[in-house]
2 protein chains.
Amino acid sequence: MLNIKIPFRKHQFDARKEAILDAVNSLLAEKGFDLMTMDDVADRVGIAKGSLYKHFSSKEKLAAAALTRLLRETNDELDRMPADWRAIQRLEQILRWSIHRRLQGGVPFLPSTRGALQRSLMLSLDYMTVAYAMNKRFRALASEARASGDLATDVSDDVIVFTLYSRSCDPTVEFLRQAGTLSDEQIVESMVAATFGGIRAR
Amino acid sequence: MLNIKIPFRKHQFDARKEAILDAVNSLLAEKGFDLMTMDDVADRVGIAKGSLYKHFSSKEKLAAAALTRLLRETNDELDRMPADWRAIQRLEQILRWSIHRRLQGGVPFLPSTRGALQRSLMLSLDYMTVAYAMNKRFRALASEARASGDLATDVSDDVIVFTLYSRSCDPTVEFLRQAGTLSDEQIVESMVAATFGGIRAR
DNA sequence: GTCTATACACCGATAGAC
DNA sequence: GTCTATCGGTGTATAGAC
């Protein structure tokens, strides 16, 4: 009976861990890393602050775990796409998915290129592994799309990849939501149209 | 002789005020509002922290003054443009100017839509006045450009204006600079090309 | 007005009882 | 493993001497 109870407890433990990451994800979206406090996280999950440290040894590790999970989900979304889609189609869809998730409150902020978090991310093997894998896939899609003649000739692959990363945390989304003139679906399509087609008349 | 010395002192005072704003601008660009401390500012200017409060009564007021000066300069840049330029040309040039300034370290970060700073900005008459004026000019340019058929039909004026705001603090710039494959001038032109022409082949 | 010193609050992390 | 209580450090803002 002990070999039944142990897996059960472990299940409980993992479930709480997921709940913590959910809270962190939404808090990162709301306030960003610097303004998010461990008290915020503990309050939202409904546990004591001290208990958080039984799961994650620091605030940076906590955020790294949340971001790692997010990157994994992005990879999963890429896996789910139909096999016959063109590269340009996949790139467009992954942006659409990102903005959609963000509007639902699940996708975080821009991790600033400086500061303690960035340093901690670099030291996280989990994070770096999945980040490297995702980056590789994006670059492959970019060069495939370029080979098919689907990408603008006056922007390099670097610009393509970084632009798509950045659009995931573009404040335009917040502005448009606050303006209130567009539905969520219209916001997503406007952003995709502006990113891929530009804002100048064609 | 007193009426000579008083304006001189006032001149000294104002000069120091400008020096403080310079320091704040570069610090905001480097670390953002949350991570910037009053000690940082005082150290960079070379004065004591307490003295800062003789010029600005709070950290938020300090940042608001720096951002207000930046918006004024943006307005000045719009004023400097040749009278015969088309609206689309002006919009393109103001983006080019923004990114150029940012690469030189003078343009701040993304002011997050939440937090103490945003609240303080809303209460600042100076900031709101110049922000409102600039917004008005941008909207006028957008609708003029649209009337001329120079803007994409599938993005609204809201999207045009907010997109240009957001491109001024787009992390793509940081990424490209870190990648090191493009010169500053190439970064500016890539961003302008990607924003106005999009990343999809035309 | 500029300095030094300090009050006051907040936050990350830890200790120790249960 | 969860809780309460607290330490140590940092940051904004102020007080008071000069």
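Each chain gets a letter, A, B and so on, in the order the sequences are listed, and its residues count up from 1.
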For this session: For residues B/Leu91 and B/Ile94, report the shortest heavy-atom separation together with the two atoms involved.
Result: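 Looking at all heavy atoms of both residues, the closest pair is O-CG2, 3.2 Å.
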
Separation of [X] atom [atom1] from [N] atom [atom2], in whole Å?
X: B/Leu52; N: D/dG11; atom1: CG; atom2: C1'; answer: 13 Å
X: A/Asp40; N: C/dA13; atom1: CG; atom2: P; answer: 14 Å
X: B/Phe13; N: C/dG1; atom1: CZ; atom2: C1'; answer: 8 Å
X: B/Ile20; N: C/dG1; atom1: CD1; atom2: C1'; answer: 12 Å
X: B/Tyr53; N: C/dC8; atom1: OH; atom2: C1'; answer: 13 Å
X: A/Gln12; N: D/dT2; atom1: CD; atom2: C1'; answer: 14 Å
X: A/Lys49; N: C/dC11; atom1: NZ; atom2: C1'; answer: 6 Å
X: B/Met38; N: D/dT14; atom1: CE; atom2: C1'; answer: 12 Å

For this session: Classify the nucleic acid contact of B/Ser51 as base, sugar-phosphate or nothing, counting any heavy atom under 4.0 Å across all strands shown.
Result: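 Touches a base.
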
At under 4.0 Å, does any side-chain N or O of [X] touch on OP1 or OP2 of [N]?
X: A/Arg16; N: D/dT2; result: yes
X: B/Lys59; N: D/dT12; result: yes
X: B/His55; N: C/dT2; result: yes

Problem set entry | Check: B/Gln89 side chain, B/Arg86 main-chain N or O, donor-acceptor pair, under 3.5 Å | yes

For this session: Using atom types as modelled and distance alone, determine if a side-chain donor or acceptor of B/Arg167 lies under 3.5 Å from a backbone N or O of B/Leu95.
Result: no

For this session: Look at atom CZ of B/Phe13 and say whether more than 12 heavy atoms of other residues, nucleotides or ligands are closer to it than 6.0 Å.
Result: yes

Between [options], spot the one nearest the side chain of [X], thanks.
X: B/Ala48; options: D/dA13, C/dC3, C/dA13; value: C/dC3
X: B/Lys54; options: C/dT14, D/dG11, C/dG1; value: C/dG1
X: A/Thr37; options: D/dT12, D/dC3, C/dC11; value: C/dC11

For this session: May I ask you to check if B/Lys59 and B/Tyr53 form a cation-pi contact, with NZ or CZ under 6.0 angstrom from the six-membered ring centre and within 45° of the axis?
Result: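 No, B/Lys59 and B/Tyr53 do not form such a contact.
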
